Amino acid sequence: MAGLDPENWDALRALGHRMLDEMLDNVQTVASGPVWQPMPPAVRQAFRDAELPVQETSLTALYEQFTHSVVPYATGNRHPRFMGWVHGGGTAQGMLAELLAAGLNANLGGRDHAPIEVERMVIRWAATMLGFPETATGVLVTGSSMANFIAVITASRAVPGGLEMRSAGLAGRRLVGYAAQTAHGCIARAFDMAGLGTQALRRVPVDADFRMDLATLRRMVAEDRAAGLEPFVVVGTAGTVDTGSVDPLAALADFAEAEALWFHVDGAFGAMARLSPQHAPALTGMERANSIAFDFHKWAQTPYDAGCILVREEGRQAAAFAQSLAYLSREDRGLAAGAPWFCDLGPDLSRGFRALKVWFTLASFGTERLGQMVSHCCSVAQYLAARVQATPCLELLAPVTLNIVCFRVVAPGVDEDRLNGELVKDMHESGVAAPSTTIVHGKRAIRAAIVNHRTIHADVDLMLETLLKLAEKRLGHTLERQAA
């Protein structure tokens with residue numbers, strides 16, 4: 001048997017060029033189609049019924065199936081009117097980088113090769129962007145869920161005697177950490193996966209602007225110390241997923257330093273606001289953190305997936321994760337040289353070449369243009385908030401700190417929570433726009449996150465017009481759209 005290379009490279013090359021051209025066309029014209037549409041039952045069932053292939057299927061046939069059964073029914077986050085959750089829109093440059101990375105098929109767990117140096121460069125750039133020293137360590141991961149997990153592990157190993165937990169486990173240690181009630185659920189999951197237990201994460205109340213209440217945090221830490229517990233980390237959020245609020249990071253940095261706590265910042269999407277001169281001041285104090293988790297695949301528009309963890313003090317990550325194994329021995333020369341390896345900085349040994357698409361994204365656009373894009377998204381969010389406030393039948397439910405707008409349709413006499421939840425589903429199925437929902441002050445909110453670099457004011461206008469039409473259809477009467 002010959003290998004798995006194609007028998008006819010010319011035919012493969014022709015098909016590859018067709019794939020590339022058609023996908024570039026698709027990205028270029030993405031705004032002309034629906035944001036999202038449900039999969040027809042027959043298409044869904046075909047995937048569920050498909051049996052494990054024993055014989056060959058031509059690449060042409062597979063591409064046709066992809067074109068007809070996958071492309072039309074994707075998430076929709078490339079579309080300018082995708083406003084749900086926090087999804088980046090991607091770029092053509094990043095798409096091409098993924099093609100090149102797949103062709104190279106490099107494993108970035110370690111060893112001495114050029115892709116490793118690309119990731120080291122990207123980590124150094126990330127440290128510079130976020131105000132960390134160039135000696136900071138870091139690693140690219142799937143996303144902020146993994147990045148926050150690595151941070152919790154690293155912080156727990158940084159306590160006195162913490163390295164013994166790598167072999168002995170917690171061994172009776174009663175470690176506790178702190179995060180605002182608005183912190184992302186992956187923080188509690190990180191405590192769970194780290195073996196600390198979700199009860200070890202203290203959820204701190206927030207103020208009227210959805211920022212961690214520092215006075216309450218101070219009291220909680222004091223009470224836990226008095227009870228014989230061992231506070232070790234405080235987690236600040238730069239851009240909460242519900243409302244986009246930013247915890248008082250400078251005050252948290254002061255507190256953590258005074259209390260000898262590890263200060264970690266979950267900046268999943270908000271950390272990129274540092275690239276915008278207009279919005280960077282809101283993140284003052286983040287640069288003093290011991291570690292930062294964030295995603296390039298959100299506001300930085302790198303294709304999924306591309307998360308990142310940075311740790312200020314060199315050696316802390318390696319102390320938490322590095323292993324000495326005979327079959328992974330590091331040499332002074334040859335392919336097994338190049339220590340330290342990235343597998344020493346997290347749980348993954350096999351790692352893809354994520355750094356290439358991050359490099360192409362940062363270098364193609366530069367931090368100045370990416371910062372302008374962040375400012376633009378925040379400006380569009382402020383425009384949406386102003387439209388909401390100017391429309392009597394709409395209610396703004398939270399301050400707009402960065403790029404997330406939480407609002408609802410007001411319709412006295414009906415179940416407004418149910419109404420707004422159903423309207424979001426109606427909007428999804430219309431294909432016009434795709435916001436998401438959350439709960440703010442106990443009320444079901446329509447949540448619009450302006451993360452896509454393609455979104456403009458006209459997209460907001462169309463989203464609101466569609467929303468009001470759908471509401472009027474459900475209610476059976478017109479709504480008050482203009483202030484008296």
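Only a predicted model underlies this, so the values are computations on that prediction, with no experimental measurement involved.
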task: Kindly write out the residues that satisfy side-chain hydrogen bond (donor to acceptor under 3.5 Å, both in side chains) with R81, not counting sequence neighbours, or none if the list is empty.
output: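 Partners of R81 under the side-chain hydrogen bond (donor to acceptor under 3.5 Å, both in side chains) test: D459.
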query: With T137, which residues qualify under side-chain hydrogen bond (donor to acceptor under 3.5 Å, both in side chains), at least two apart?
result: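 In terms of side-chain hydrogen bond (donor to acceptor under 3.5 Å, both in side chains), with neighbours along the sequence ignored, T137 is linked to Q317.
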Not counting sequence neighbours, which residues clear side chain to side chain contact (heavy atoms under 4.5 Å, CB included) with [X]? List them please.
X	value
P34	Q37
L96	L20
R418	D415, E422

message: I'd like to know if the side chain of T240 pairs up with that of S245 as donor and acceptor (distance under 3.5 Å, no hydrogens or angles considered).
response: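 Side chains of T240 and S245: pair found under 3.5 Å.
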- prompt: Side chains of R316 and N290: donor-acceptor distance under 3.5 Å anywhere?
  reply: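 No pair is found: no donor N or O on one side chain lies under 3.5 Å from an acceptor on the other.
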message: As a quick check of understanding, evaluate ring-ring contact (aromatic ring centres under 6.0 Å, His included) for H441 and F210, giving each step before the final call.
response: CA-CA 10 Å; H441 294 310; F210 302 95; 5.1 Å; yes
List in chain and number order the residues that pass salt bridge (Lys or Arg N to Asp or Glu O under 4.0 Å) with [X], two or more places apart in sequence or in another chain; answer none if no residue qualifies.
X	answer
R330	D344
R444	none
R408	E395, E416
D254	R288

query: Do the charged groups of R447 and D242 touch, with an N to O distance under 4.0 Å?
result: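 Here R447 does not pair with D242 in a salt bridge, since their nearest N and O are not under 4.0 Å apart.
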- request: Output every pair passing side chain to side chain donor-acceptor pair (under 3.5 Å) with a member in residues 168-178, not counting sequence neighbours, ordered by first then second residue.
  value: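 Every pair satisfying side chain to side chain donor-acceptor pair (under 3.5 Å) with a residue in residues 168-178: R173-E230, Y178-D224.
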query: So which pairs with a foot in residues 180-198 pass side chain to side chain donor-acceptor pair (under 3.5 Å), sequence neighbours left out?
result: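 The answer is none; no pair qualifies.
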field: Pairs meeting criterion ring pair (Phe, Tyr, Trp, His ring centres under 6.0 Å) with involvement of residues 361-390, two or more places apart
entry: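 Residue pairs with at least one partner in residues 361-390: Y383-H457.
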